[in-house]
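Single-structure report; data block below.
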Amino acid sequence: MDTAVIASAINSSAAIAPQIYRLLRDRIVRTELLPGEVISETEIARSYDVSRQPVREAFIKLAEAGLVQIRPQRGTMITRISTDAVMDARFVREAIEADVVKLVVERCDTAIRTELLGQIDRQKRVADDDSDGFVKLDELFHRTLAEMAGKSYAWRVIEEVKAQMDRVRYLSVEKLHVRRLISQHEEIVAGIVENDAPRAEAAMRAHLREILKSLPEVAKARPDLFGAAR
């Protein structure tokens, strides 16, 4: 990736460390930085044209998310995907988001209906091979539901635990077929707009269990990206 392009991604008027964390997290999730690859504070700081301190802070947060292993004197290494962490994150997401959609049903009004149906329409206009575009809209969809339920903090909790799940999601989105995922979103929204909480909850649970099918396929296809189960 071009150094000038990387550096331009930083907003110097905002806190630097969270930006470095988000940028590196995205690069790891998208496998631009591969498991086993070693990255250094000095090189990352130079790439983003920042001091080493915010990079060090970002590395610590990435380590907490299980995305890197900080090894003193040997550099920081991108970790392999943990299937156990993926399964734990899926469990947490289902527990939270199943309740989130029930709350959205209780609050559903014209504004909520319009926003959700509009998001489904935008998802349908994403090209089948535009995995980046769909993943962004998928993230927006789930975050919006949490905000509509008044559970923004719950979404932040999910974001903290789902890094490994996101890595698999990015690798599997083509295998899962975008149209099927959009259809699942449609079923969730149908339950909400029709005031049918059990339907919305069941649809969300089914949607988040999709990874149970894709995880073994991705692990088999890309064993080099996965670590041993704990």
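Looking at heavy atoms from C-beta onward, His185 lies in side-chain contact with Gln123 at the 4.5 angstrom threshold. At least one side-chain heavy atom of Met87 sits less than 4.5 Å from a side-chain heavy atom of Leu212. The shortest side-chain heavy-atom distance between Arg71 and Val38 falls under the 4.5 Å cut-off. Here the side chains of Ile20 and Ile10 are in contact, with some heavy-atom distance below 4.5 Å. Residues Ser152 and Arg156 have side chains in contact (heavy-atom distance under 4.5 Å, counting atoms from C-beta outward). When side chains are defined from C-beta on, Glu37 does not count as touching Met77, because their heavy atoms never get closer than 4.5 Å. For the pair Glu147/Trp155, no side-chain contact is recorded, criterion being any heavy-atom separation below 4.5 Å from C-beta on. Residues Leu34 and Thr31 form a side-chain contact, since some pair of their non-hydrogen atoms from C-beta on lies under 4.5 Å apart.
Once rounded to the nearest 0.5 Å, the distance linking CZ of Phe134 with CZ of Phe141 reads 9.5 Å. Note: Cys108 SG to Leu103 CG = 12.5 Å, rounded to the nearest 0.5 Å. Taking CZ of Arg30 as the reference point, atom CD1 of Ile28 lies at 12.5 Å (rounded to 0.5 Å). Taking OG from Ser40 and CZ from Arg52, the interatomic distance works out to 7.5 Å, rounded to the nearest 0.5 Å. Separation of atoms CZ (Phe91) and CG (Leu208) is listed at 12.5 Å; rounding is to 0.5 Å. Between the CD atom of Glu64 and the CZ atom of Phe59 there is a distance of 14.0 Å, given to the nearest 0.5 Å.
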Evaluate the criterion side-chain contact (heavy atoms from CB on, under 4.5 Å) for residue pair Glu186 and Lys124; output intermediate values, then yes/no.
CA-CA 10 Å; Glu186 282 190 281; Lys124 286 180 175 179; 2.8 Å; yes
Would you check, one step at a time, whether the test side-chain contact (heavy atoms from CB on, under 4.5 Å) holds for Ile70 with Leu62?
CA-CA 9 Å; Ile70 299 173; Leu62 288 167; over 6 Å; no
Show, in sequence, the C-alpha distance, side-chain angles and deciding distance for Glu187 and Gln184, and conclude whether the side-chain contact (heavy atoms from CB on, under 4.5 Å) test is met.
CA-CA 5 Å; Glu187 178 64 14; Gln184 292 170 1; 5.7 Å; no
Hey, mind stepping through Asp138 and Leu181 against side-chain contact (heavy atoms from CB on, under 4.5 Å) and telling me if it holds?
CA-CA 9 Å; Asp138 178 70; Leu181 295 178; 5.9 Å; no
Evaluate the salt bridge (charged side-chain N to carboxylate O under 4.0 Å, His left out) criterion for residues Glu94 and Arg90: first the C-alpha distance (whole Å), next the side-chain angles of each, then the deciding distance (0.1 Å), finally the verdict.
CA-CA 6 Å; Glu94 182 177 329; Arg90 190 216 61 79; 2.4 Å; yes
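Considering all non-hydrogen atoms of both residues, Leu67 and Arg25 come closest at CD1-CG, 3.8 Å. Considering all non-hydrogen atoms of both residues, Ile78 and Leu33 come closest at CG2-O, 4.0 Å. Closest of all the heavy-atom pairs between Val105 and Ala200 is CG2-CB, 4.1 Å. Contact record, Ala219 with Phe226: CA-CE1, 3.5 Å, taken as the closest heavy-atom pair. The heavy-atom pair separating Pro216 from Ile211 by the smallest distance is CD-O, 4.4 Å. Scanning both residues, Leu23 and Tyr48, for their nearest heavy atoms gives CD1-CE2, 3.5 Å.
Within the 3.5 Å criterion, the main-chain N or O of Ala15 finds a donor-acceptor partner in the side chain of Gln19. Distance alone, capped at 3.5 Å, places no donor-acceptor pair between the Ser183 side chain and the Arg179 backbone.
Under the 4.5 Å side-chain contact rule for hydrophobic residues, Val92 and Val101 share a cluster. In terms of hydrophobic clustering, with Ile, Leu, Val, Met, Phe, Trp and Tyr side chains grouped at heavy-atom distances under 4.5 Å, Val178 and Ile120 are assigned to different clusters. Hydrophobic clustering (side-chain heavy atoms under 4.5 Å, transitive across Ile, Leu, Val, Met, Phe, Trp, Tyr) groups Val68 together with Val50. Val135 and Ile158 fall into different hydrophobic clusters, where Ile, Leu, Val, Met, Phe, Trp and Tyr side chains are chained together by heavy-atom contacts under 4.5 Å. A chain of hydrophobic side-chain contacts below 4.5 Å, direct or via other Ile, Leu, Val, Met, Phe, Trp or Tyr residues, connects Met148 to Ile96.
A salt bridge is defined here as a Lys NZ or Arg NE, NH1 or NH2 lying under 4.0 Å from an Asp or Glu carboxylate O, and Glu115 with Arg122 meets this definition. Salt-bridge check for Lys61 with Glu57: failed, with every basic side-chain N at 4.0 Å or more from each acidic carboxylate O. Under 4.0 Å is where a charged nitrogen must lie from a carboxylate oxygen, and between Glu106 and Lys102 no such pair does. Between Asp121 and Arg125 there is a salt bridge, since a side-chain N of the basic residue sits under 4.0 Å from a carboxylate O of the acidic one. For the pair Asp166 and Arg169, the salt-bridge criterion is met [side-chain N within less than 4.0 Å of a carboxylate O]. A salt bridge does not link Arg80 to Asp224: none of the charged side-chain nitrogens sits closer than 4.0 Å to a carboxylate oxygen. Taking a cutoff of 4.0 Å between a charged side-chain nitrogen and a carboxylate oxygen, Glu159 and Arg143 do not qualify as a salt bridge.
Between the side chains of Arg167 and Gln164, at least one donor N or O sits under 3.5 Å from an acceptor N or O. With 3.5 Å as the limit, one finds no donor-acceptor pair spanning the side chains of Asp84 and Ser82. Side-chain N/O atoms of Thr144 and Gln119 include a donor and acceptor closer than 3.5 Å.
Partner of Ile112 under the side chain to side chain contact (heavy atoms under 4.5 Å, CB included) criterion, chosen from Leu145, Val189, Val193, Val104: Val104.
Scanning for side chain to side chain donor-acceptor pair (under 3.5 Å) contacts around Glu97 gives Arg93, His142, with sequence neighbours left out.
Counted within 6.0 Å of NZ on Lys151, heavy atoms from surrounding residues, nucleotides or ligands total 12 or fewer; the atom is thus considered open.
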